[in-house]
There are 2 protein chains.
Amino acid sequence: MNNFVFENKTRVIFGKDSEKSVGSETLKYSNKVLLHYGGGSIKKTGLYDRVVKSLKEENIEIFELGGVLPNPRVDLVREGIELCRKEDIGFILAVGGGSVIDSAKAIGIGYFYDGDVWDIYDYKVSVDKMLPLGVVLTIPAAGSETSPGSVITNVDKELKRGFGALCMRPVFSILNPELTFTLPDYQTACGISDMFAHVMERYFVPTKNVDLTDRLCEATMKTIINQAYNILKNPMDYNARAEIMYCGTVAHNDSLDPGRGGDWASHEMEHEVSAVTDVAHGAGLSIIFPAWIKYVYKENMDKFIQFFTRVFNIEQDFENPENTVLRGISTLESFYKDLKLPIRLSEIDFDSSRVDELAKKASFDSSRTLGAFKVLNKDDIKEIYKLAL
Amino acid sequence: MNNFVFENKTRVIFGKDSEKSVGSETLKYSNKVLLHYGGGSIKKTGLYDRVVKSLKEENIEIFELGGVLPNPRVDLVREGIELCRKEDIGFILAVGGGSVIDSAKAIGIGYFYDGDVWDIYDYKVSVDKMLPLGVVLTIPAAGSETSPGSVITNVDKELKRGFGALCMRPVFSILNPELTFTLPDYQTACGISDMFAHVMERYFVPTKNVDLTDRLCEATMKTIINQAYNILKNPMDYNARAEIMYCGTVAHNDSLDPGRGGDWASHEMEHEVSAVTDVAHGAGLSIIFPAWIKYVYKENMDKFIQFFTRVFNIEQDFENPENTVLRGISTLESFYKDLKLPIRLSEIDFDSSRVDELAKKASFDSSRTLGAFKVLNKDDIKEIYKLAL
């Protein structure tokens, strides 16, 4: 186990009707709030009205900025920063999923930076301050509701980049599983794939002697699988929705990886795929992850045997250990297929001639490597994209 | 799953040499510190000198209060409160195990209460403020380094009482596993028993649909068992010490029980045992818990089958399910015996004629019940003590 510092100050308010406390929680920080949201589904479901009512009951002045897209764009972030500065807004409230929260975080850190906010996502400057941010979560997936990270897309440059700093954790996050009853099946599935990937990224590391965090990761992954099938059976199952919603948080609140670090190569590779295809992040991950496993498993086969026996209950083949892994990969792909997610690039609108270009982008033109479990250079990345075709 | 609010702001600084940061972490809060510790073992190991050096490097003024006993006494707490008030001390630094931390917490809350601090532990007043508290942990056991609870003994009244409030979490806790190398075997074992019990108290609840937290509890218990045997084999095994130390924290930082609550009957029953025998808390728990299980398992046998199959790898007997539980109880007792802990009251200095008196005390003279998995009245409690004889 490595030395580590762990700190997560986000207050999680979980359960039925929990959004009713949004006004009182917000007022602890400011009486002027930027209400940030997406394409307007929160208006259809009535959530918008309930949030506004709760804020108004506390006499909080509301400034609105809707229109966040999946794979949130830096242009809207710039708009939000301007608005917060002009109106002297002291708090951002993100009502939505990971895209809305990530966009809100970008506004919150960009607010304190004099240059263009993309500089931050281009790793040119560091960050130690963010406008306080509250969340009402509607999509369990990205884990951004308690994580210190944010992923923003620059359409002009066809780039999607993640950035994180400890100051970027929300001060509170409100999670009501009932808000997820009406999610389209595909979006539910993409969320499940995303949170599952967040755990795998932490699980597959070269760090040794990480017994507890291995097992905490396995516990979370087993629950995700188990409850995913409960939701497939009945999307209105409150208990299954609650488990999945909280799994999404635990998967990314850093309680699963103290002292071990993460890999994150698959995430980086997926970002390039969704930057050029606009495929949902979770659907990109269900394509990239099996290919990544196929390419790297020989690096430490025992770790994959542990993964597939403990998480997927594959019986270990002591005579031919590799068979355990191969059978496991099939089972993982079946899990994704049961969720109606793609497992090959050929299933989405992807131009296979762009493989080299993507590998170039993901490796910053061969100037960086990806991953930790196996360190990947541009050629490795290209091979993984090819395995995913 | 029940609705819940989860918040844990303690900063955990973990690993080799981590105590070197104690000065700079403390200075964030105050330049006058109460240095609180136990019987002086920290002077023998050199830890005291390292802590004082780090504090002095930051020009922090130190006021000392040593002499905390296992099962910490309210008398010393009163002394600490007086000292903090007299010297206008702004920060308490607890260097030691759970007893020292619990004593420090009592000082920190008593500081803000005009009456006698025992009133708080007698549940006569509530608490919403504590002097900021930092910890350098030397014994992985009580979990007090990130928990909001504290247990204090009143010798005059032969009472040991726990009290908790969210403001009672330390602001930081420093955990260096190397500091635990020199712990006597018995103390290591008691710590392991204590943290294992903290997870069991959270695991055995009547709340349904708690898949994730069930599995997180199981992950932690499996790790505790696994690493306990590694320490038995080699007390200088850094990795095993690190796993156990962090397990002790996770077991009691409330990340394992959001939305499910706890039982805590065994803890309350143990407190009465150690109040009259001064047995170490962990050794009291290894006596009480098997007796508690024997008395309550028929309440929900499936839960115990889940526990013993998943945590102890007992094969499920589908023909005679009860056998799974009975075999499991034996295995749990064997685990305690391997740790050289007692599993019967007859093994410690306990006067069996006091069973009724203890049941009376634990039930506040039949005015309260204990537990949640099975609600226990005075007669139930007495039966459990008898099963433990």
Side-chain angles (χ1 to χ4, degrees), chain A residues 1-18 21 25 146 166 171-177 208-227 230 237-247 249-251 253 255-256 258-259 310, chain B residues 1-18 21 25 146 166 171-177 208-227 230 237-247 249-251 253 255-256 258-259 310:
Chain A
M1 200 193 300
N2 304 328
N3 283 10
F4 67 84
V5 175
F6 175 72
E7 189 177 332
N8 187 336
K9 298 195 172 183
T10 305
R11 178 175 167 87
V12 175
I13 303 153
F14 190 99
K16 291 178 187 174
D17 293 328
S18 49
S21 63
E25 293 291 336
T146 65
L166 270 184
V171 291
F172 69 78
S173 281
I174 292 172
L175 282 67
N176 178 354
K208 297 285 177 197
N209 299 299
V210 286
D211 193 10
L212 176 62
T213 47
D214 262 6
R215 290 180 193 277
L216 294 176
C217 287
E218 290 155 5
T220 309
M221 291 188 284
K222 283 193 273 199
T223 308
I224 292 170
I225 295 167
N226 200 22
Q227 299 301 332
N230 281 337
D237 179 341
Y238 177 84
N239 291 305
R241 289 288 190 182
E243 293 285 343
I244 286 292
M245 194 167 211
Y246 198 50
C247 279
T249 297
V250 169
N253 68 5
S255 68
L256 300 182
R310 290 191 186 171
Chain B
M1 201 192 300
N2 303 330
N3 283 9
F4 67 84
V5 174
F6 175 72
E7 189 177 332
N8 187 336
K9 298 196 172 182
T10 306
R11 176 175 167 87
V12 175
I13 303 154
F14 189 99
K16 291 178 186 174
D17 294 327
S18 49
S21 63
E25 292 291 336
T146 64
L166 269 184
V171 291
F172 69 78
S173 281
I174 292 173
L175 282 67
N176 178 355
K208 297 286 178 196
N209 299 299
V210 286
D211 194 10
L212 175 63
T213 47
D214 262 5
R215 291 180 192 276
L216 294 175
C217 287
E218 290 154 6
T220 310
M221 291 188 284
K222 282 192 273 197
T223 308
I224 292 170
I225 296 166
N226 200 23
Q227 299 300 333
N230 281 337
D237 178 342
Y238 178 84
N239 291 305
R241 289 288 190 181
E243 293 285 344
I244 286 293
M245 194 168 212
Y246 197 50
C247 279
T249 298
V250 169
N253 68 4
S255 68
L256 300 181
R310 290 190 187 171

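Each chain gets a letter, A, B and so on, in the order the sequences are listed, and its residues count up from 1.
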Side chain to side chain contact (heavy atoms under 4.5 Å, CB included) between B/R215 and A/N226, intermediate numbers included: CA-CA 11 Å; B/R215 291 180 192 276; A/N226 200 22; 3.6 Å; yes
Worked verdict on B/N3 versus A/K16 for side chain to side chain contact (heavy atoms under 4.5 Å, CB included): CA-CA 7 Å; B/N3 283 9; A/K16 291 178 187 174; 4.1 Å; yes
Chi angles and distances behind the side chain to side chain contact (heavy atoms under 4.5 Å, CB included) call for A/F14, B/M1: CA-CA 10 Å; A/F14 190 99; B/M1 201 192 300; 3.6 Å; yes
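Taking CG from B/L216 and NZ from A/K222, the interatomic distance works out to 10.5 Å, rounded to the nearest 0.5 Å.
Interface remark: of the candidates A/I224, A/V210, A/T10, A/V250, A/V210 forms the most heavy-atom pairs closer than 4.5 Å to chain B. Contacts with chain B were tallied for A/D211, A/V5, A/I13; A/D211 has the most, counting heavy-atom pairs under 4.5 Å. Per-residue counts of heavy-atom pairs under 4.5 Å with chain B were compared for A/N239, A/N8, A/N209, A/L212; the largest is that of A/L212.
Aromatic pair A/F4/B/Y246: centroids less than 6.0 angstrom apart.
Looking at B/S255, there are no atoms closer than 4.5 Å to chain A (heavy atoms on both sides), in backbone or side chain. In this structure, no portion of B/P177 lies under 4.5 Å from any heavy atom of chain A. When heavy atoms are compared at a cutoff of 4.5 Å, B/F172 does not approach chain A at all.
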